[in-house]
Amino acid sequence: MTQVSDLPIAIQDNIQKYRVLILDFGGQYTQLIARRIREAGVYSEIYPWDAAEAALVDFEPAGIVLSGGPESVNLEDPPRVSQVVFDLGVPVLGICYGMQAMAAQLGGSVEASAHREFGYAEITPLDSELLNGLNDGDASTPILEVWMSHGDRVNSLPAGFSVAATSVNSPLAAMEDADRKYYGVQFHPEVTHTSQGQAIINRFIHDICGCRGDWTPENIVLSSIKTIREKVGDDRVLLGLSGGVDSSVVAALLHEAIGDQLTCVFVDHGLLRYNEGDQVMDTFSKHMQINVKRVDVADQFFAALKGIVDPEVKRKVIGRLFIEVFDEASQELNDIKWLAQGTIYPDVIESAGAATGKAHVIKSHHNVGGLPEKMRMKLVEPLRELFKDEVRKIGLELGLPREMVYRHPFPGPGLGVRVLGEVRPEYVSLLQLADDIFIQELREYDLYDKTSQAFAVFLPVKSVGVMGDGRKYDFVVALRAVETIDFMTARWARLPYEFLEHVSLRIINEVDGISRVTYDISGKPPATIEWE
C-alpha cells in the first residue's frame, strides 16, 4: 500500500473537495443515489430536503441531486427545494419528485397522470447534454430502458428548459436547461433496472459538475490514516472488537495508523457463530499482533436474556449489557482517551430514521447514539462516512483476508435474534452447529459468494422425526438465503434442490436435537431478511 507521505498533498487535503450533495425528499432509493455517485469516485452525502440553508452553503457542493419521494408537489404544503439550491450556481439534477419539485418551483406545472408508471419503461432521448449518445436500442431507433415509479408528471416546462426525453405515458420524461445546468429525469437512474443509469450519473458528476474521481479505496485509507494520526496524536485508543466486518476494518485501520496505541476489547457474549471467538483471537492477536483483551461473559448474557421473547427487548438487553461489560473491562485500562467505533454511514442514516429522520426506525443500532457518560472518552469513528461496500474495499486495501472482509452480514445482537423467542444456551449450541454446516456447504458448492446473506434460524418448536427404528421429537431449524444488491429489497435465493437436501441430511444426522429443516422462501418485502 502507498505510504501516507507519498499521497499527493491535493488528495491528502482535498479527497472530499469534489463533493455532491443529495437532498432527500423521502425516496426509497436515496441511499442508492449516494452509493452510485461514490462508485464513480466522487464523495456524496445525504441531507434532508429541509436542511438549514447555511448547512447547504457550508457543504460547498460541486453539484446537487434532488431525490425522489412519495409526496405530490400539488399538496397544500409539499416538500420544497430551498431557494439556496438555485442560488449556489452549481449543476442540479432532479430525480422523479426532485424533477417535479424543480419544475413547479421554477415556473412549470405538474399534474396527476392518467397513466401512472411503476416499473420498466422505454423512453426516447432527444438532443440532450445529459443523455446524448446513450442508447439501449439500435442506431436508427435510440431508446433508453429505465425504471419508473411515479403518479404525477411534469405537464409544462419552466422558461429556459427543453424536453430531453419522452415516453408513451410521459411526454416530458426528462428536461434540461443546459445554460443554468439544471436537469430533471422522471425515471430512476440510480437503480440497476435503468440500463444506462450509471452512465447518466457519471455524465452528471464528471462531465457536467466537473468532479474528479479521487474517492478511491487507496485514497480513502491514506486520508483516513492521516486524519486519525492528526486527531489522536500520541493518545491511546480503545476499540470494542466484535469480529464483524466493520470492527475488523476499524481495527486494521487504527493499527496501521497508530500501532501499539490501540487496545481492543473483545466481548465474547456466547452469541457468536461456531468457534468465532477463537478465530477472532487467532486473526487479530496472533497474526496481526494487535493487543486484544478477551472477556468471556456468555453466562452473564444468558442470565440477562432468561425469559425474554420480544426481539426488540432482546436487542436492548444485549446492547445495554455489552456496554456495561465493555465499560467494566475498559476501567482496568489506564490512560485511554479515545473510544473507536465501527459506525458506518447507513447506521447513522437508519438510526436517525431512514435518510432524513422522517421515516420509521425498523431496528435499533447498538453502536449509534453516544457513549456512557461515565466513560469520559472522546469518540473516533473512522468509517462513519462509508457505505458497507466501501468498508469491504478498504479492508482488502489494508490486507485483511477476503473471506473475512466479504463475510455475510451478521446482526449486532448475534444469534440472540436468530434464536426465536427465549435465548437459551442449548438452543444457541444447536443453532451454531446447524449454521456452520450450512455455511460450510455453501462454500463447498461455490454458492456462498452467489448469495448476499445466508444463515440458519432456530425455531423453539418440536417436530416428530424418525431416526433408524426410533421416534424422535426434536427442534426445527430454518435455512435462509437471499440475493440483493442494496439489502433494502431482497429475493430468496433459488438454491439447488439437491444442495438443500444434502444440507438438510447433514444437519439432521450430525446435530443431535434437530429433527427437521425448512427453507425460507419469503422475499423482502413483505418479510425482513432477519427473522427478528
Side-chain angles (χ1 to χ4, degrees), residues 237-256 262-302 315 318-319 321-323 325-327 329-330 339-344 346-347 365-368 381-383 386 388-389 391-396 398-419 423 425 428-429 431-433 435-436 438-440 442-443 448-449 452-456 530:
V237 178
L238 178 66
L239 170 66
L241 182 63
S242 70
V245 175
D246 301 334
S247 74
S248 298
V249 172
V250 171
L253 185 58
L254 288 169
H255 185 63
E256 186 75 24
L262 172 67
T263 298
C264 296
V265 171
F266 170 43
V267 177
D268 189 347
H269 47 40
L271 303 173
L272 299 173
R273 286 166 283 208
Y274 184 68
N275 280 340
E276 189 169 14
D278 293 339
Q279 292 168 7
V280 168
M281 294 302 297
D282 189 63
T283 298
F284 291 95
S285 182
K286 292 183 180 178
H287 293 297
M288 295 182 66
Q289 304 301 309
I290 296 177
N291 182 20
V292 182
K293 177 181 179 181
R294 183 175 183 173
V295 185
D296 292 305
V297 285
D299 291 345
Q300 195 171 336
F301 274 78
F302 286 124
R315 287 176 179 272
I318 292 168
L321 185 54
F322 181 93
I323 290 174
V325 171
F326 181 79
D327 185 26
S330 69
L339 177 67
Q341 286 190 342
T343 308
I344 64 175
D347 294 341
H365 287 274
H366 66 285
N367 59 340
V368 178
E381 297 173 302
L383 311 181
L386 302 181
K388 178 71 84 173
D389 52 345
V391 172
R392 295 186 194 279
K393 289 174 183 176
I394 71 169
L396 293 180
L398 287 162
L400 289 175
R402 191 183 189 284
E403 57 271 22
M404 170 183 286
V405 171
Y406 279 90
R407 290 176 78 181
H408 290 176
F410 190 65
L415 299 181
V417 290
R418 290 183 179 171
V419 170
V423 181
V428 172
S429 296
L431 178 58
Q432 287 174 327
L433 294 171
D435 184 76
D436 188 54
F438 187 29
I439 300 305
Q440 281 180 29
L442 283 169
R443 293 190 185 280
Y448 186 82
D449 291 331
S452 306
Q453 189 171 1
F455 53 91
E530 296 284 349

Rounded to the nearest 0.5 Å, how far does [atom2] of [Y] lie from [atom1] of [X]?
X: Thr283; Y: Ile290; atom1: OG1; atom2: CD1; value: 10.0 Å
X: Phe455; Y: Leu415; atom1: CZ; atom2: CG; value: 10.5 Å
X: Leu254; Y: Leu398; atom1: CG; atom2: CG; value: 10.0 Å
X: Asp449; Y: Tyr406; atom1: CG; atom2: OH; value: 9.5 Å

Salt bridge present between Asp246 and Lys388 (N-O < 4.0 angstrom):
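Yes.
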Taking 4.0 angstrom as the limit, do Asp278 and Lys286 come out as a salt bridge?
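Here Asp278 does not pair with Lys286 in a salt bridge, since their nearest N and O are not under 4.0 Å apart.
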Does the cation-pi check pass for Arg294 over Phe266, that is, NZ or CZ under 6.0 Å from the six-membered ring centre and within 45° of its axis?
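Geometry flag: not set, cation outside 6.0 Å or 45°.
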Determine whether [X] and [Y] make a side-chain contact, defined as any pair of heavy atoms from C-beta on separated by less than 4.5 Å.
X: Asp268; Y: Val297; result: no
X: Phe410; Y: Glu530; result: no
X: Val250; Y: Gln341; result: no

Which pair of non-hydrogen atoms, one from [X] and one from [Y], has the smallest distance, and what is that distance?
X: Ser452; Y: Pro409; answer: O-CD, 3.6 Å
X: Leu271; Y: Pro413; answer: CD1-O, 3.7 Å
X: Arg407; Y: Tyr448; answer: CA-OH, 3.4 Å
X: Val245; Y: Val405; answer: CG2-O, 3.6 Å
X: Arg418; Y: Leu431; answer: O-CD2, 3.6 Å
X: Met288; Y: Leu400; answer: SD-CD2, 3.8 Å

May I have the step-by-step check of side chain to side chain contact (heavy atoms under 4.5 Å, CB included) for Phe326 and Leu339, ending in yes or no?
CA-CA 11 Å; Phe326 181 79; Leu339 177 67; 3.3 Å; yes
Is there a donor-acceptor pair closer than 3.5 Å between any side-chain N or O of [X] and the backbone N or O of [Y]?
X: Glu276; Y: Arg273; result: yes
X: Gln432; Y: Leu272; result: yes
X: Asp435; Y: Ala456; result: yes
X: Gln453; Y: His408; result: no

Let me know which of Leu383, Val280, Leu241 forms a side chain to side chain contact (heavy atoms under 4.5 Å, CB included) with Ser247.
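Only match with Ser247 under side chain to side chain contact (heavy atoms under 4.5 Å, CB included): Leu241.
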Please evaluate residues Val325 and Val295 with respect to the criterion side chain to side chain contact (heavy atoms under 4.5 Å, CB included), reporting the C-alpha separation (whole Å), side-chain torsions for both, the decisive distance (0.1 Å), and the verdict.
CA-CA 8 Å; Val325 171; Val295 185; 4.0 Å; yes
Test log, rule side chain to side chain contact (heavy atoms under 4.5 Å, CB included), inputs Ser248 and Met404
CA-CA 9 Å; Ser248 298; Met404 170 183 286; 3.9 Å; yes
Does the pair Val423 and Phe301 meet the rule for a side chain to side chain contact (heavy atoms under 4.5 Å, CB included), with working shown?
CA-CA 9 Å; Val423 181; Phe301 274 78; over 6 Å; no
